[in-house]
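Contents: one structure, followed by commentary.
As the structure is a computational prediction, the values presented were derived from the model and not from experiment.
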Amino acid sequence: MKYDFAAIETKWQKKWEQTKPYAAVTGDKRPKFYGLIEFPYPSAAGLHVGHPRPFTAMDIICRKKRMQGYNVLNPIGFDAFGLPTENFAIKNHIHPSIVTKQNIENFTRQLKMLGYGFDWDRVVDTTDPKYYHWTQWIFLQMFKHGLAYKTTMPVNWCTSCKCVLANEEVVEGVCERCGAPVIRKEKSQWMLRITKYADRLIDDLDDESLDYIERVKTQQKNWIGRSTGTEVTFKTNTEDDITVYTTRVDTLFGVTYTVISPEHPLLKKWQPLIRNWDEVAAYQAAAARKSDFERGELNHDKTGVRLSGIEVVNPANGKTVPMFVSDYVLMGYGTGIVMGVPGHDQRDWDFATKFGIPIVEVVQGGDITKEAFTLKDDTGIMVNSGFLNGMTVKEAIPAMKKYAVEQGWGHEKVNYKLRDWVFSRQRYWGEPIPMIWCEKCGWVPVPEDQLPLVLPQVESYEPTDDGESPISKMTDWVNTTCPCCGAPAKRETDTMPQWAGSSWYYLRYMDPHDDKLPVSREAEEYWGPVDWYNGGMEHTTLHLLYSRFWHKFLYDIGVVHTKEPYAKRTSHGMILGQNPHYVGNAKTEEEKQALIEKYGSQALRPAVKMSKSLGNVVNPDDVVKAYGADTMRLYIMFIGDFEKVAAWSDDAVKGCKRFLDRVWNLMDQAADGDEISEKNAPSVHKAIKKVTEDIDELKLNTAIAALMTLVNEFYANGLTKGDLEALMLLLSPFAPHMVEEMWELTGYAAKTGKMAMQMPWPEFDEGKMTASTVEMAVQVLGKLRGTVTVPVDSEQEVVVAEALKNEKVARFVEGKQIVKTILVKNKLVNLIVK
RNA sequence: GCCGGCGUGGUGGAACAGGUAGACACAGGGGACUUAAAAUCCCCCGGCAUUGCGCCAUACGGGUUCGAUUCCCGUCGCCGGUACCA
């Protein structure tokens, strides 16, 4: 009988649809396991082969957990608000809600086609008012707790599209879509005070119960960017003192100037005192015109203007130094004013060199005529620094800090790179922010019993010329009355960013139909926290940080009972496509040269990111059609180390199909006998151990290799039905459709009354894993000279005696003395001769 | 620049509390079965020497060790994140 994957997969998918073997039961007595994958954005292009990698891995983990007796929650949903859908809708003149509905239907079809064991009764869709009701509710709680506020701040403004862009939409200083320059524009925006949680977001990462891969923790910490330094106050010749922030207070004696950011409000106040005001004002205006890109990434050339008439006094030595305005000082970090220590900070060195400012050495160890000496370790000794002279930098920092505190002009200060979260988007396809502006009462929340505040239907959802959300044109909707005083008032027309809906969706899966709370206490206490969350590296900073922040807030207001949302976080690597311009494909030297000339370093890579323009996109539909879902699942796991990038290969897929064919054909060869055969016992038990452990460690590629090895053994040794039964159970999480069909055909379904996926996971017996003899390596002076077969656990004398019988070994030992013998039990013996 | 990570056959990749490098697979070669092809089954497959009994091989150069892909120091190259954060 042939392995007819198409018919088999359709048959079993239908059966699972009807019998719902993947339903999660809240409150069940079995131990719970909540396995989560990042829900997809339902794009018009459909599922990409990148999706099945994490989805299949988590599906396998969850299937094994079910067989091990766990009550498993393995949910799926759709992160459906956002720009791509809105842009698609604008281009094709279809309402975003219709586009979304179609895309979700297509994704659902594809996900079911791949045989995932999702609980389809718990699907979450972020654009469903029943869902965003609670997204809005959480926002209101944040507002009530002082975590949401509105403020004016610069945003990215596309000069051609005339609209506000998210940072991700600005690529190298121009608009991602139209290529026009992007400038900064002041706009009033809703903000979330994530900075208030900065310390907890860092410190809780070190909790022992939190199992995140190391690079994720590091990235979170770097993003928050906590640094401990000192704030130092300098007196000036004006009525205002200035304060600077520094992490190198030890270098205070090396200060030769100070710099103020062009946006600093003090400049305006000092206008009458600044003798070259015209020059300064011109510099300010020029800086404001520059995009962040010009100011930062592109151009590190230092510019600036000296403030004529302003002088400041270094509190450490009483010396008077000048002040400059320069855009290398950021208003948003520290105090917006820095002290210039050109001897020991490269940026300051560049600036001082350009403006002819003196450079003073206060830490010995470098050559400050060539570059700044910035080392912070013990190699530098303090000089030209009064009472600090002779100390190392490490000693000088606390000494100076202590002195500054005593003198009353300095104190320790912690700073963060993390800024508050810009939460407004002037776009249509997002959750309306449920706030009302009243001239008398200010910002008033929409009463909770009026939630959800449904996104109104508009005629045009294109961005408006003035940069306001398209909803602002809906005067019927915008004009309302103040819930507080009843006076005429206006609704907020900004919507939330795409990050909003994804910040708490994992909670909704626990209790998806609740209409009183985002999640009931009962469901959350049973299912929380997520036991295992896998997602892409591209989400390890923002999404992870945002959702951890929301979760901590919900913890504070008593909605959830854990401090962290996810107990364990892993990440998968991207799937790359074959590079059509790879030099390796070239037949002749000339062709090679031509490719390198045309595509540069791109031509040197065998695999690159899939893209339509390169024509290397693989569609899961095509793979499933040609080889079946089980082959697709197997291949995407076999492709390589789960955490690393991997290149798709059409050829290699065939190998996985061949393997499944070989498994299928074993049905004809299995001899009677319900037990695991004695001959195969060591192989079977080793395979059980390997597959069990590898799934837990996310090493799905070697788990599959172990199954392939087992099948090869069966072909070599023959097998019983009992051997085949063990193989079917081990393969069931990987190739569920085929295994269920085999389970039925071999009579196990009738005998047990269960599907294979409902059987207990096989247990291995350590005692049955080893044969009676073992092959050991024999080394002479550390070099392999032969192998011997000896009884398991043989003593040294036995192994050595046997080893010396080996002709080759004997030759290398001949005429020499064995001075030492190293034995690694059942593995090798190393003879040291002289 | 800074912070992570990685460099193993023609290819994807195994093996790292130091212990037979190249599991498993793809591509390639040979054979069996076929009128033939596909499919299937069996064998070979790092390099150089030789016709098996040797030498060299885990980016490169050192070190520790009986023994290093694995640990340490240095160099080169690639990938990801981040970037005038004082």
Side-chain angles (χ1 to χ4, degrees), chain A residues 2 213-219 221-223 225-227 229 244-248 251 259 295-297 299-302 326-330 332-341 344-348 350-351 374 415-419 537-538 540-541 571 573-574 584 601 604-607 635 638-641 643-656 658-659 661-662 665 699 701-712 715-716 775-787 807-808 811 819-833:
Chain A
K2 219 180 143 253
I213 47 175
E214 206 49 44
R215 56 183 174 153
V216 171
K217 282 192 189 181
T218 315
Q219 274 191 28
K221 285 181 190 173
N222 289 348
W223 188 262
R226 178 164 65 187
S227 79
V244 303
Y245 173 76
T246 179
T247 53
R248 290 295 301 275
T251 62
V259 198
R295 263 179 84 156
E297 291 173 32
N299 194 347
H300 281 202
D301 250 8
K302 298 288 179 288
S326 173
D327 64 8
Y328 85 89
V329 175
L330 309 173
Y333 185 79
T335 62
I337 308 177
V338 302
M339 62 185 209
V341 187
H344 306 284
D345 182 288
Q346 193 56 44
R347 295 156 301 182
D348 295 348
D350 294 342
F351 189 82
T374 56
N415 264 326
Y416 306 89
K417 289 186 196 173
L418 184 71
R419 315 287 171 79
M537 271 316 277
E538 70 273 22
T540 50
T541 41
S571 260
M574 213 194 317
S601 63
L604 300 175
R605 295 180 195 159
Y635 175 62
F638 189 60
I639 194 165
D641 185 335
E643 292 193 348
K644 291 195 194 130
V645 294
W648 182 271
S649 156
D650 288 327
D651 277 336
V653 181
K654 289 181 203 152
C656 290
R658 203 172 289 161
F659 167 70
D661 281 331
R662 276 163 71 79
N665 292 335
K699 287 154 74 175
N701 54 338
T702 51
I704 292 167
L707 292 170
M708 288 172 167
T709 307
L710 185 63
V711 169
N712 291 342
Y715 268 88
E775 191 186 60
M776 287 178 68
V778 182
Q779 297 184 333
V780 180
L781 285 170
K783 288 209 174 199
L784 182 71
R785 296 302 178 188
T787 58
E807 209 183 306
K808 217 161 127 188
R811 190 143 35 82
V819 293
K820 196 176 169 189
T821 305
I822 290 141
L823 183 89
V824 182
K825 225 172 205 184
N826 298 331
K827 283 215 161 152
L828 68 70
V829 63
N830 188 5
L831 306 172
I832 311 305
V833 297

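Across all strands, A:G334 comes closer than 4.0 Å to no nucleic acid atom at all (heavy-atom distances). Contacts of A:I639 with the nucleic acid, taken as non-hydrogen atoms under 4.0 Å apart, involve only primed sugar atoms and P, OP1 or OP2. Across all strands, A:M537 comes closer than 4.0 Å to no nucleic acid atom at all (heavy-atom distances). Residue-level contact check: A:E775 touches the bases, meaning some heavy atom is under 4.0 Å from a base atom. Backbone-only engagement by A:T246 is indicated by non-hydrogen atom pairs under 4.0 Å involving sugar-phosphate atoms exclusively.
Partners of A:W223 by ring pair (Phe, Tyr, Trp, His ring centres under 6.0 Å), not counting sequence neighbours: none found.
Both A:A647 and A:N830 lie close to RNA chain B; mapped to their nearest nucleotides by heavy-atom distance, the more 5′-ward contact belongs to A:A647. Comparing A:L784 and A:N222 along RNA chain B, the residue whose closest nucleotide (by nearest heavy atom) sits nearer the 5' end is A:N222.
The CZ atom of A:F638 sits 10 Å away from the P atom of B:C24 (whole-angstrom rounding). Atom CG of A:N701 is separated from atom P of B:A14 by 5 Å (rounded to the nearest Å). Computed from coordinates, the A:D345 CG to B:G1 P distance equals 17 Å when rounded to whole Å.
If you check B:G19, B:C24, B:A86 against the side chain of A:T709, the one that comes closest is B:C24. Checked against B:A86, B:G4, B:C26, the side chain of A:R215 finds its nearest nucleotide in B:G4. Considering only side-chain atoms of A:T702, the nucleotide from B:A86, B:A23, B:U20 that sits closest is B:A23.
Rounded to whole Å, the C1' atom of B:G4 lies 25 Å from the corresponding atom of B:G12.
At a cut-off of 3.5 angstrom, the base of B:C79 holds no donor-acceptor pair with the side chain of A:K644.
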Nucleotides 38-55 of chain B: protein proximity per nucleotide (B base, S sugar-phosphate only, - neither; heavy atom, under 4.0 Å): --SSS----------SSS
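Judged by the 6.0 Å and 45° rule, A:K302 forms a cation-pi pair with A:Y328.
The shortest distance between the side-chain N/O atoms of A:Y328 and the OP1/OP2 oxygens of B:A86 is not below 4.0 Å.
In this structure B:C60 sits in a base pair with B:G74, meeting the Watson-Crick or G-U test at under 3.5 Å.
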